[in-house]
Structures are given as structure tokens and as C-alpha cells.
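Just so it is clear, the values below take in all heavy atoms, side chains as well, and ignore hydrogens, waters and symmetry mates. As the structure lists them, so they are numbered: ligands from 1, and atoms in each ligand from 1.
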Amino acid sequence: MNLIVIMELLFAMVTGLSFVGCKQKQEASISIKEAYAGKFVVGTALNTQQSSGIDTAAIQVVLHNFNAITAENCMKSEVIHPAKNRYDFSQSDMFVDFGLKNNLFIVGHTLVWHSQTAPWMFVDGKGSYVCRDTLINRMKSHIYTVVGRYKGKVNGWDVVNEAIDDSAGLRNSLWMKIIGSDYIELAFKYAHEADPDAELYLNDYNLYQPGKRNVAIKLAKSIQEKGLRIDAIGEQAHYGLNPNVVTALESSIKAFAETGLKVVITELDVSVLPFPTKKITAEVSLEYENKPGFNPFANAMPDSISLKQSEMYQSLFRLFLKQKNTIERVTFWGVNDEQSWRNDWPIKGRTDYALLFDRDNKPKTCVHELIGIAATDGQKEISFQKN
Ligand code: XIL
């Protein structure tokens with residue numbers, strides 16, 4: 001071993017940094033969950049590969065860094081309740097067992113949504129839409145069965161997902177069309193009856209936008225006024241490299257806090273790729289063609305972009321720290337860049353870098369920055385790079 005290598009090793013031991021070749025690669029010395037302990041819980045969504053134990057590398061990242069998990073897909077009705085008289089709990093049981101075994105805060109996602117709902121739910125044997133009473137009964141039985149199975153095990157449920165559309169009206173989903181707007185309060189009622197101890201969330205995207213923010217507050221208030229349980233508003237937080245979002249989000253968090261509700265950041269990711277339309281949405285049904293220029297970092301993320309992403313994440317976490325009395329949990333939508341849904345949405349087959357851990361499950365530099373700002377409680381200022 002020559003002197004330089006010995007000195008590098010000594011430096012690495014002291015600072016927690018390690019070197020790969022001449023390129024500095026950082027390994028996190030303390031974990032994200034430790035850094036944010038006492039402030040808010042930090043979670044991640046798990047896919048089936050992870051909760052089943054197959055993806056051992058990702059599991060190590062999860063156990064080291066996070067203390068909450070959300071089911072990415074396995075509790076959605078098309079998976080868990082694929083036919084009228086058939087439930088399939090094989091994946092969701094594994095997910096819940098993983099959480100229990102590792103003492104994690106377990107979030108069920110999601111009970112009532114317009115997307116990934118098993119198609120049988122809305123139709124009769126002849127393919128016609130069922131009536132209001134039938135759909136209410138089906139919803140009730142679905143919620144009782146799923147929430148009831150995990151009573152005392154799942155800590156919180158995303159009860160209704162994306163009830164508000166992009167123009168800040170109530171989404172005209174089949175739930176809404178067939179039942180009417182009271183499907184929302186009924187879902188909260190049934191979820192609470194099925195597990196009185198579980199936290200219940202109203203989850204949506206782009207709640208930093210004033211229009212959606214106001215409708216979410218109205219909905220939450222009307223649930224509260226009916227004496228029903230609702231614990232928090234969930235902001236999905238599927239973002240891009242847009243620092244303006246952070247300022248707007250702060251106004252929403254403060255407005256939600258005024259209703260007495262907590263806020264959970266439920267599906268955080270920061271895409272570094274161009275969004276194909278001017279209007280930013282997180283509507284899952286959208287799919288655009290992969291035109292030239294839309295997949296600019298197919299081989300690697302340039303350092304300048306990596307820096308911008310880190311700044312965006314830092315800015316968000318400084319806000320979360322500032323609002324830590326309102327924010328209960330911040331959950332990332334996936335463990336590493338390889339598995340992130342942002343590679344396929346809103347354009348299929350791109351290479352995105354939306355999360356904190358790279359395709360080899362290595363922490364990005366940003367992880368160290370986030371750990372650092374937790375230590376200063378978000379006080380250290382950073383300035384954004386100009387485009
Ligand atoms: C996404 C999953 O990550 C994908 O694997 C799946 O193909 C589509 O759904 N809002 C939500 C999540 O509430 O359930 C979505 O998850 C992402 C957008």
C-alpha cells in the first residue's frame with residue numbers, strides 16, 4: 001500500500017468519505033432516518049421485489065435509511081381485489097410482514113382511486129354501470145376487508161387518492177359519477193370503522209397550487225364537520241427542477257395546518273427530465289411520445305443537473321424542517337433511480353434520476369447534504385443556480 005492510498009484511507013475513516021479510483025464517492029455515515037429523528041418520519045415506497053426480499057441491495061438501503069414504508073402497487077384494488085369474489089393478499093401480506101418484522105411505520109396505499117381500480121368494481125354482469133347503492137356496498141366491503149385484514153398492523157391509509165382534478169374541481173371519476181361527492185366521506189367513515197386506530201389521509205398531487213389547495217381544505221373540513229376521522233392531507237410531491245414549487249408549497253402547508261390537520265409528503269421524487277407539456281400534472285393516465293430531446297441523459301446525469309436536483313431537494317427539506325410541527329412524514333416514491341416510476345411516466349422508457357439513491361443503490365451527494373441540513377435544522381442557506 002503506498003502512502004497516498006494510506007492517506008486516503010485515513011481521510012475516509014475520519015470523514016466518512018471513501019474514494020473510488022480518483023473519483024470521490026461518498027458513503028453516508030449516519031442515515032437519513034437518524035438525521036431526521038425527532039423531526040419527522042422518513043419513508044419510501046416499496047415494490048414487490050423489495051418487500052418479498054428478492055432485491056437485497058435495495059432492502060439494505062431501506063433498512064438503513066427509512067423508518068416508514070408505503071405499498072407502491074400491491075394494495076391497489078386491481079392487485080388486491082382483482083375479481084368481485086376474489087381477493088389476492090399474497091403481495092400485500094409480504095409487504096405488511098416486512099414492515100412488522102423491521103418495525104417500520106406501515107402505510108396502506110390506496111383504498112379509493114380512479115386509477116388502478118379493478119374494472120369489475122363499477123359494472124354489473126352485463127357490463128353496465130352499477131347503481132349508487134351497489135357501488136357504495138362494494139366500496140364498503142372492499143374497505144372493510146382490506147383495512148380489516150391489517151387492523152392494528154397498517155398504521156395509516158391513503159383513503160381517497162386524487163379526488164381533485166387538474167382544474168381544481170372534484171374529479172369526475174366513476175366513484176363520483178355513480179355515487180356522488182359523498183363517496184369521499186363514506187370512504188373515510190368505512191376506513192375508520194374497519195380500524196379505529198389507523199391514521200387516515202386524503203392524498204392528492206400538486207396541492208401547492210392554490211386552486212387544488214383550497215378544494216383539499218374544503219374537503220377535509222367537510223369530513224371533520226361530519227365528525228369523521230381524518231388525520232392529514234397527503235401531498236404526493238412528484239416534482240421537477242422547479243424551485244418556485246417550494247414557496248407555493250409553504251403556503252399550502254401553513255393553510256393545511258390552520259385546519260388542525262397534519263401534512264404528510266407521500267410520494268416525493270424530483271424528475272430531472274423535461275416535462276412534455278407546459279402544464280405540470282401528475283395524472284397517471286397521461287402518456288406522451290418519446291420525441292428527440294426528451295431523454296437527454298440516457299447515459300448519465302451531468303454534474304450541473306445533479307447539483308440542481310440536490311438544491312431542489314435541499315430547499316424542500318429546509319421547508320419540511322421549518323414546518324416540522326405540521327409535517328409528520330416525508331416518503332419518497334421508491335428507493336433508487338432504477339425502479340422509479342418516473343422512468344416511464346409521462347413518457348415511457350426514459351432514463352430519469354428522480355430519487356436519492358442511484359442505480360447501484362449508492363447514495364447521491366445530495367443524501368449527505370440532506371443529512372447536513374438536518375443537523376443545522378435547515379438554517380444553512382443555499383442559493384439556486386441560474387439557468
Ligand atoms: C405509480 C406506480 O409507481 C407505478 O409502478 C404504477 O405503474 C402506476 O402508479 N400517484 C400515485 C401512485 O398515487 O399510486 C402512483 O404510483 C404514482 C402517482
Side-chain angles (χ1 to χ4, degrees), residues 43-52 54-55 58 62 66 68-82 91-92 95 106-119 146 154 156-166 171 173 175 184 187 191 200-209 212 216 219 232-240 245 263-271 273 275-276 279-288 329-357:
T44 179
L46 288 192
N47 64 22
T48 305
Q49 234 74 354
Q50 293 154 354
S51 45
S52 65
I54 294 172
D55 188 350
V62 174
F66 300 109
I69 52 169
T70 302
E72 184 178 9
N73 285 304
C74 70
M75 288 178 154
K76 291 173 181 169
S77 104
E78 66 176 12
V79 180
I80 209 169
H81 196 177
Q91 296 182 38
S92 51
F95 166 78
I106 304 175
V107 182
H109 174 84
T110 174
L111 298 169
V112 176
W113 190 22
H114 69 281
S115 180
Q116 291 180 275
T117 300
V146 175
V154 167
W157 285 96
D158 290 336
V159 179
V160 176
N161 197 25
E162 302 180 350
I164 309 165
D165 66 20
D166 280 312
R171 183 183 293 277
S173 64
W175 296 107
I184 299 172
L200 305 180
Y201 319 120
L202 179 72
N203 198 42
D204 216 312
Y205 63 82
N206 290 356
L207 294 179
Y208 64 86
Q209 295 172 355
K212 290 195 78 163
L219 285 176
I233 296 194
E235 158 69 341
Q236 291 182 4
H238 296 294
Y239 298 146
V245 164
V263 172
V264 280
I265 304 295
T266 52
E267 307 183 12
L268 179 59
D269 51 31
V270 174
S271 167
L273 298 181
F275 203 83
K279 192 173 161 71
I280 305 282
T281 168
E283 171 54 52
V284 276
S285 62
L286 292 179
E287 198 186 323
Y288 296 93
R329 167 171 55 89
V330 176
T331 289
F332 289 85
W333 203 240
V335 180
N336 60 52
D337 286 343
E338 179 68 27
Q339 60 139 134
S340 161
W341 80 302
R342 299 304 297 261
N343 295 307
D344 289 305
W345 182 90
I347 296 176
K348 280 215 164 73
R350 295 197 293 180
T351 307
D352 207 337
Y353 302 83
L355 296 168
L356 292 188
F357 293 85

With a 4.0 Å heavy-atom cut-off (strictly under), which part of [X] contacts ligand 1: side chain, backbone, both or neither?
X: Asn161; value: side chain
X: Asn47; value: neither
X: Asn73; value: side chain

Quiz prompt | Sub-4.0 Å heavy-atom contact, Tyr205 with ligand 1 | solution =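 Flag not set, Tyr205 not near ligand 1.
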
Quiz item: Is it true that Trp345 lies under 4.0 Å from ligand 1, counting heavy atoms only?
Solution: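 Trp345: no contact with ligand 1 (<4.0 Å).
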
Practice problem: Just do the side-chain contact (heavy atoms from CB on, under 4.5 Å) check on Met75 and Thr110 with the steps written out, would you? | Solution: CA-CA 6 Å; Met75 288 178 154; Thr110 174; over 6 Å; no

Per-atom contacts, ligand 1 versus [X] - under 4.0 Å to a heavy atom:
X: Glu162; value: 10 (N)
X: Lys76; value: 1 (C), 2 (C), 9 (O), 12 (C), 14 (O), 15 (C), 16 (O)
X: Val284; value: 18 (C)
X: His109; value: 11 (C), 12 (C), 13 (O), 14 (O)

For the backbone of [Y] and the side chain of [X], can you confirm whether one donor and one acceptor N or O come within less than 3.5 Å of each other?
X: Asp269; Y: Leu355; value: no
X: Asn47; Y: Gln50; value: yes
X: Thr331; Y: Glu267; value: no

Quiz prompt | Short N or O distance, Asn203 and ligand 1, threshold 3.5 Å exclusive | solution =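 No, Asn203 has no N/O under 3.5 Å of an N/O on ligand 1.
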
Quiz item: Looking only at N/O atoms, are Trp113 and ligand 1 under 3.5 Å apart anywhere?
Solution: no

Quiz item: Stepwise, does the side chain to side chain donor-acceptor pair (under 3.5 Å) test hold for Thr266 with Gln236?
Solution: CA-CA 5 Å; Thr266 52; Gln236 291 182 4; 5.8 Å; no

Quiz prompt | Parallel, tilted or perpendicular: rings of Trp341 and Trp345 (30°, 60°) | solution =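 Geometry flag for Trp341 against Trp345: parallel rings.
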
What's the shortest distance from [atom] to any protein heavy atom, and which residue and atom give it?
atom: atom 3 (O) of ligand 1; result: Glu72 OE2, 2.5 Å
atom: atom 8 (C) of ligand 1; result: Gln116 OE1, 3.4 Å
atom: atom 11 (C) of ligand 1; result: Glu267 OE1, 3.0 Å

Practice problem: Could you tell me whether Lys212 and Asp204 make a salt bridge, using a distance below 4.0 angstrom between a side-chain N and a carboxylate O? | Solution: yes

Practice problem: Go through the steps for Ile265 and Arg329 under the test side-chain contact (heavy atoms from CB on, under 4.5 Å), then give the verdict. | Solution: CA-CA 6 Å; Ile265 304 295; Arg329 167 171 55 89; over 6 Å; no

Quiz item: Is there a side-chain contact (heavy atoms from CB on, under 4.5 Å) between Arg342 and His238 once you walk through the steps?
Solution: CA-CA 9 Å; Arg342 299 304 297 261; His238 296 294; 3.6 Å; yes

